[in-house]
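Structure record follows, encoded as structure tokens.
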Amino acid sequence: MNNQRCSSLFLKIRGQRRIIRCIYVVGFMDLFGVSMIIPLLSHHVKALGASPTVAGIVGSTYGVLQFFSSTVVGSWSDVVGRRYSLLTCLLLSALGYGLLGMSTSIALFVLARIPVGLFKHSLSICRALLSDLVSESERPLVMGHFNAASSVGFILGPVVGGYLTEHEGGFYTSSFTCAAIFLINAGLVWMLPWSETLVDRNGTNLSNSSSESCHDNHCRRSVLNGNHAKKHPPVLSGEYEVSSRASGWDSDRWRGLSLLQPAWRQVSSVGSKIHMVASSDMWDVFLVRLLMAIAIMLYYSNFSLALEERFSLKPKVTGYLISYSSTLGALAGFLVGPVTQLYKNNMPALLLHSTVLTCSLIFLYAAAPSVWQVLLTSTFFAISTTIGRTCITDLELQRGGVQASGTLIGAGQSVTAVGRVLAPLLSGLAQEFSPCGPPSLGVVLALAAVGLLLNRIPRWDRRRVTRTTKL
């Protein structure tokens with residue numbers, strides 16, 4: 001009997017590891033396909049006859065839709081399960097990019113951007129799925145690897161998209177290729193071994209008892225190293241408590257049976273989850289995310305123009321510098337795990353230090369007297385921002401609980417979407433004074449984030465100690 005239980009645990013862990021590897025592939029292909037299209041959108045809109053003002057309005061449609069839909073779709077994935085929500089997002093995104101390949105007018109272009117703006121949340125749901133599959137200690141490592149895989153796709157996509165664009169009808173070919181990639185991703189998600197990874201609270205307790213009953217030391221070590229034998233107690237999310245059943249941490253998360261419940265009940269559950277996050281005491285984490293998102297976007301907002309004006313760099317050289325920084329950012333994803341282990345999973349301290357480093361690097365870039373200092377700051381900036389992004393997401397999940405991970409990650413994406421709207425406006429105003437205006441303003445915002453962290457981290461630590469004592 002004990003051997004049978006051990007065998008069952010091994011199958012579950014193996015299935016979960018297989019899903020994790022497949023999700024890495026999905027993340028890579030997702031951003032590979034999207035980055036084929038992104039550089040070509042503005043040119044295509046202008047080719048359709050849009051004025052600069054109309055092109056700007058059309059371009060902002062995606063960001064506005066993302067802002068309103070990120071939290072809703074993330075919460076919906078908590079209600080109906082990751083499998084069906086991820087499939088829905090992938091299929092409707094494929095529809096949007098397919099329509100984009102048929103857009104021969106401004107109206108069709110806008111129509112094509114609507115399903116993409118509303119449902120292009122596949123990466124957020126993938127992150128929520130990964131947080132479901134691994135323990136809190138493993139999560140930064142897995143998230144770092146996922147971000148690295150996605151970033152590699154984002155680097156390679158424009159190369160393929162640029163090559164296809166050189167041929168006749170290149171934009172339409174790129175669009176249909178992107179749609180095909182999303183369909184392939186949907187097929188991959190459908191074929192994942194979901195039945196091998198049904199993990200609920202009862203199964204968790206079974207895992208614990210089984211691991212204790214396994215007399216084979218290798219079996220016991222493997223189960224514990226898989227970190228799926230952990231218990232999931234109720235998590236204090238700021239000032240509220242989320243129970244496992246209310247938050248959907250059961251077999252429905254995997255089987256997706258809750259998709260069959262009435263639409264009104266799904267809407268009610270989604271609204272309840274969003275209300276819990278909105279009424280929680282997590283405003284400080286989201287504010288830090290917003291401040292740092294705007295600061296980082298201000299750093300990049302006029303990067304090419306500023307280097308040309310300050311150091312007379314040609315666009316080609318600037319392009320090499322941006323590619324170098326992007327490559328380092330992708331590779332930095334593999335550093336997240338070792339760094340968090342070095343900090344003993346103390347995410348608040350790691351977030352504070354990465355924020356201070358990012359703030360310092362933006363300041364050094366703004367005051368750089370030579371190109372070599374810009375190169376040096378870009379090197380460490382790519383690393384610090386990669387670690388910081390993973391930290392802020394992990395901290396949101398720590399404080400809110402993985403049981404509502406879809407809602408929390410979606411809310412974080414909505415906050416970032418606000419930053420995408422505000423950053424260009426602030427950058428334009430700052431450039432009126434100096435080419436160094438945007439990064440200088442970024443320094444001010446990053447300093448505000450540092451001050452907020454210094455004020456709030458002691459409170460977070462006290463709450464963590466109190467929660468640990470209660471448990």
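- With no hydrogens or angles considered, a side-chain donor-acceptor pair links W283 and D281 at under 3.5 Å.
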side-chain contact (heavy atoms from CB on, under 4.5 Å) evaluation trace for L100 with F171: CA-CA 9 Å; L100 195 63; F171 176 80; 3.8 Å; yes
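- Donor-acceptor pairing under 3.5 Å is recorded for the side chains of D78 and T407.
- Checked by atom type, the side-chain pair R82/S77 shows a donor-acceptor distance below 3.5 Å.
- Separating the OG atom in S69 from the CG atom in L118 is a distance of 5.5 Å, to the nearest 0.5 Å.
- Contact annotation: the side chain of L426 approaches that of L441 to within less than 4.5 Å [non-hydrogen atoms, C-beta and beyond].
- Note that SG of C22 and CG of L188 are 5.0 Å apart. Values are rounded to the nearest 0.5 Å.
- Around CZ of F334, the count of heavy atoms belonging to other residues, nucleotides or ligands within 6.0 Å exceeds 12.
- The pair E138-R17 meets the salt-bridge criterion, with a side-chain N (NZ, NE, NH1 or NH2) lying under 4.0 Å from an Asp/Glu carboxylate O.
- A side-chain donor-acceptor contact under 3.5 Å links S131 to the backbone of A128.
- Aromatic ring centres of Y299 and F303 lie closer together than 6.0 Å.
- Within 6.0 Å of OH in Y324 there are more than 12 heavy atoms belonging to other residues, nucleotides or ligands.
- Note: F146 and Y24 have tilted aromatic rings, judged against thresholds of 30 and 60 degrees for the angle between ring planes.
- Taking the side chain as every heavy atom from C-beta outward, T416 and R289 approach each other to under 4.5 Å.
- Although no hydrogens or angles enter the test, the distance criterion places a donor-acceptor pair under 3.5 Å between the side chain of S301 and the main chain of L298.
- Ring-plane geometry between F28 and F32 is classed as parallel, the angle between the planes falling under 30 degrees on a 0 to 90 degree scale with a further cut at 60.
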Please report the C-alpha distance between N185 and S122 in whole Å, then the side-chain angles of each, then the deciding distance to 0.1 Å, and finally whether the side-chain contact (heavy atoms from CB on, under 4.5 Å) criterion is met. CA-CA 10 Å; N185 269 350; S122 45; over 6 Å; no
Give the intermediate values and the outcome of side chain to side chain donor-acceptor pair (under 3.5 Å) for residues T385 and T358. CA-CA 7 Å; T385 52; T358 300; over 6 Å; no
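- For D394, the salt bridge (Lys or Arg N to Asp or Glu O under 4.0 Å) partners are R139, not counting sequence neighbours.
- Using a cut-off of 4.0 Å between Lys/Arg side-chain N and Asp/Glu carboxylate O, K314 and E308 are scored as not salt-bridged.
- Below 30°, between 30° and 60°, or above 60°: for Y172 and H44 the angle between ring planes is above 60°, a perpendicular geometry.
- In this structure, I362 CD1 and C436 SG are separated by 13.0 Å, a value rounded to the nearest 0.5 Å.
- For CZ of F176, the number of neighbouring non-hydrogen atoms (other residues, nucleotides, ligands) closer than 6.0 Å is greater than 12.
- Residues L31 and S151 have side chains not in contact (no heavy-atom distance under 4.5 Å, counting atoms from C-beta outward).
- Environment of CZ in F311: crowded, with over 12 heavy atoms of neighbouring residues, nucleotides or ligands closer than 6.0 Å.
- Side chains of L376 and Y365 form no contact here, defined as non-hydrogen atoms less than 4.5 Å apart.
- For H353 and Y343, the ring centers sit closer than 6.0 Å to each other.
- Residues I155 and S323 fail the side-chain proximity criterion, which asks for heavy atoms closer than 4.5 Å.
- Here the CG-CG distance, from L445 to L290, works out to 8.5 Å after rounding to the nearest 0.5 Å.
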List the steps and the verdict of side chain to side chain donor-acceptor pair (under 3.5 Å) for S414 and T71. CA-CA 6 Å; S414 293; T71 308; 2.9 Å; yes
Does R127 form a side chain to side chain donor-acceptor pair (under 3.5 Å) with T390? I'd like the steps, not just the answer. CA-CA 11 Å; R127 291 188 178 96; T390 306; over 6 Å; no
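- Between M292 atom CE and T355 atom OG1 the span is 5.0 Å, to the nearest 0.5 Å.
- Using a 4.5 Å cut-off on side-chain heavy atoms (C-beta onward), F119 and L90 make no contact.
- For the atom pair CG (L123) and NE2 (H121), the distance works out to 10.5 Å, reported to the nearest 0.5 Å.
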Determine, stepwise, if the pair M143 / V336 fulfils side-chain contact (heavy atoms from CB on, under 4.5 Å). CA-CA 8 Å; M143 291 291 189; V336 175; over 6 Å; no
Using the side-chain contact (heavy atoms from CB on, under 4.5 Å) rule, take F381 and I296 through it: C-alpha gap first, then chi angles, then the decisive distance, then the call. CA-CA 9 Å; F381 187 79; I296 293 169; 4.2 Å; yes
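- Contact of the R83 side chain with the L87 side chain is registered, since non-hydrogen atoms from C-beta on lie closer than 4.5 Å.
- Residues K120 and C89 have side chains not in contact (no heavy-atom distance under 4.5 Å, counting atoms from C-beta outward).
- In this structure, the side chain of T377 does not engage the main chain of L364 through any donor-acceptor pair within 3.5 Å.
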